[in-house]
*Asks:* 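This structure is in structure tokens; I'll ask about it shortly.
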Amino acid sequence: MVALKLGMVGGGQGAFIGGVHRIAARIDGCFDLVAGAFSSDPARAHASAAELGIDADRSYADFNEMAKAEAARADGIDAVSIVTPNHLHGPIAEAFLAHDISVICDKPMTATLAQAESLVAAAEASKGRFFLTHNYTGYPMIRQARQMVAEGALGDIRIVDVNYLQDWLSEAPTEDNKQAKWRMDAAQSGGGAIGDIGTHAYNLACFVSRLRATSLSATLSSIVAGRSVDDDARITLQFNGGARGHIWASQVAIGNENNLTLAVYGTKGSLRWAQENPNVLLFTELGKASQIITRGGAAANSAAMAVTRIPAGHPEGYLEAFATLYREAADVILTKDLSGATIGIQDGLVGVRFVDACQRSSSNGATWIDLR
Ligand SMILES: NC(=O)c1ccc[n+]([C@@H]2O[C@H](COP(=O)([O-])OP(=O)(O)OC[C@H]3O[C@@H](n4cnc5c(N)ncnc54)[C@H](O)[C@@H]3O)[C@@H](O)[C@H]2O)c1
């Protein structure tokens, strides 16, 4: 595969997920990072670029300037990664899509529904593609589960339950906690736990089950005193086809680091998976002993093997799952074939609609909201 030229907005010194994206973009040799506007602070942006070996003339202080300059170059970037706080995803993505540059954006797609709708229109008018990094969809055992559900191994789906539990916001964060600061500001994040990890949970439920919620009832709470965004979200879901489900997303559940778990129950069997032990999937057929399916092992199916890099027993995890999304984005950009498992603009819109519906439900006493 020819390496595509990648730019990045955000992800400068002291940032979290930008570094993960840079590793993921390189794992399969699909992208070379050649340009960036790495920080809101110009000095830090340029210092970060220098540290990353980016040529000085491709280090930008402003993302609009970067989009314009890169589009004008013969060797301009093919795609840009957006790894800034949520309220900037929409404006940055639109700036690059306007120049037909593809976008690989972290979740949630935008901070508001109005931004999401505007971005969908911008993506429709662009030759650039839009990809959303719901990275948990890239795990081999999640691909295995999705294929097993599609093949009917579970029968008709009855229940889909996803919990995403963390504890890093169990107390008011210190002033210097960069990651917490913008997340605690609704104008920048668009919501608390519901946007930050609830969107991952809902995306995973839909990705594996291939169902969509038709209605939901949500209770969002701000448990830590003085907090203006939610830190604990409990949602009851009704899916198309009659299945029901629950999501519990919490950032104040002490003892949990990134405890994301998925359970899908059907008329014939069930699947259970946990992100902190991602190389195994538990499959139980009614009346039989449970089976442990392992990544790369004898029972791994074609969907899992397609995204497996190393033999069974050598762990793959978070970085490789992210890299799978980068590889699939590169495939789509190069071949224009959209038949793969990539998460795109419509999934992003579904996620932002989910957050919006949860917020409306919760502020009306957990009333049921119709999503059809
Ligand atoms: N998929 C995942 O697992 C995952 C995990 C963590 C974060 N995220 C998402 O990634 C995004 C970033 O989160 P984070 O934790 O890395 O945040 P962070 O605060 O660590 O980093 C944000 C970066 O954006 C930069 N930035 C802000 N305004 C900018 C501007 N105008 N121009 C250029 N750069 C700008 C900041 O300077 C900083 O470098 C968020 O949308 C978050 O939801 C996803």
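Being a predicted model, the structure only gives us computed values, none of them experimental. Basis for what follows: all heavy atoms, side chains included, without hydrogens, waters or symmetry-related copies. The first residue of the sequence shown is numbered 1, and numbering continues consecutively from there.
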*Asks:* Could you tell me if Gln251 and Asp196 have a donor-acceptor pair between their side chains, going purely by distance under 3.5 Å?
*Replies:*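 Yes, a side-chain donor-acceptor pair sits under 3.5 Å.
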*Asks:* Between Asp78 (side chain only) and Lys5 (backbone N and O only), is there a donor and an acceptor less than 3.5 Å apart?
*Replies:*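 Pair found, side chain donor or acceptor close to backbone of Lys5.
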*Asks:* When you check the side-chain N and O atoms of Asp232 and Trp248, is any donor under 3.5 Å from an acceptor?
*Replies:*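 Yes, Trp248 and Asp232 have a side-chain donor paired with an acceptor closer than 3.5 Å.
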*Asks:* Which residues, ordered by chain and number, are linked to Ile310 in its hydrophobic cluster, where ILVMFWY side chains connect at heavy-atom gaps below 4.5 Å, directly or through other members?
*Replies:*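 Members alongside Ile310: none; it stands by itself.
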*Asks:* Show which side-chain atoms of residues 281-290 pair as donor or acceptor with protein atoms under 3.5 Å away, not counting sequence neighbours.
*Replies:*
unit_1	atom_1	unit_2	atom_2	d
Thr284	OG1	Ser290	OG	2.8

*Asks:* What pairs of residues pass the ring-ring contact (aromatic ring centres under 6.0 Å, His included) test when at least one of them lies in residues 202-223, not counting sequence neighbours?
*Replies:*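 Checked against ring-ring contact (aromatic ring centres under 6.0 Å, His included) - neighbours excluded - the pairs reaching residues 202-223 are Tyr202-Phe354.
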*Asks:* Show the atom names and distances, to 0.1 Å, of all donor-acceptor pairs under 3.5 Å that link a side chain in residues 214-225 to residues at least two apart or in another chain.
*Replies:*
unit_1	atom_1	unit_2	atom_2	d
Thr214	OG1	Gln238	O	3.1
Ser217	OG	Ala366	O	2.8
Ser222	OG	Val229	O	2.9

*Asks:* Is the number of heavy atoms from other residues, nucleotides or ligands within 6.0 Å of CZ (Arg309) greater than 12?
*Replies:*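 Counting neighbours around CZ of Arg309, more than 12 heavy atoms of other residues, nucleotides or ligands fall under 6.0 Å, so yes.
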*Asks:* Would Asn258 and Gln166 count as having a side-chain donor-acceptor pair, cut-off 3.5 Å?
*Replies:*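 The answer is yes; a qualifying pair exists.
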*Asks:* Apply the side chain to side chain donor-acceptor pair (under 3.5 Å) test between Gln275 and each candidate in Tyr164, Tyr139, Tyr136; give the one that qualifies.
*Replies:*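 Only one of Tyr164, Tyr139, Tyr136 forms a side chain to side chain donor-acceptor pair (under 3.5 Å) with Gln275, namely Tyr139.
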*Asks:* Cut-off 3.5 Å, side chains only: do Asp161 and Tyr265 have a donor facing an acceptor?
*Replies:*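 No pair is found: no donor N or O on one side chain lies under 3.5 Å from an acceptor on the other.
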*Asks:* Looking just at side-chain N and O atoms, do Tyr326 and His21 make a donor-acceptor pair shorter than 3.5 Å?
*Replies:*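 Their side chains do contain a donor-acceptor pair, which is all the 3.5 Å distance test asks for.
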*Asks:* Report, one line per pair, each donor and acceptor closer than 3.5 Å where one atom sits in a side chain of residues 151-160; sequence neighbours left out.
*Replies:*
unit_1	atom_1	unit_2	atom_2	d
Glu151	OE2	Gln147	NE2	3.2

*Asks:* Would you please name every residue forming a side chain to side chain contact (heavy atoms under 4.5 Å, CB included) with Glu171, sequence neighbours left out?
*Replies:*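 With neighbours one apart ignored, the set is empty.
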*Asks:* Once you measure the plane-to-plane angle for Phe322 and Tyr318, does it fall in the parallel (<30°), tilted (30-60°) or perpendicular (>60°) bin?
*Replies:*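 Ring orientation, 0 to 90° scale: perpendicular.
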*Asks:* Carefully, step by step, assess Asp75 and Arg58 under the rule salt bridge (charged side-chain N to carboxylate O under 4.0 Å, His left out).
*Replies:* CA-CA 11 Å; Asp75 64 348; Arg58 300 184 87 171; 3.5 Å; yes
*Asks:* Does Arg183 pair with Asp231 as a salt bridge, N-O distance under 4.0 Å?
*Replies:*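 No.
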*Asks:* I'd like to know whether Asp176 forms a salt bridge (charged side-chain N to carboxylate O under 4.0 Å, His left out) with Lys181, so could you lay out the CA-CA distance, the side-chain angles of the two residues, the decisive distance to 0.1 Å, and finally the verdict.
*Replies:* CA-CA 8 Å; Asp176 61 350; Lys181 206 168 179 179; over 6 Å; no
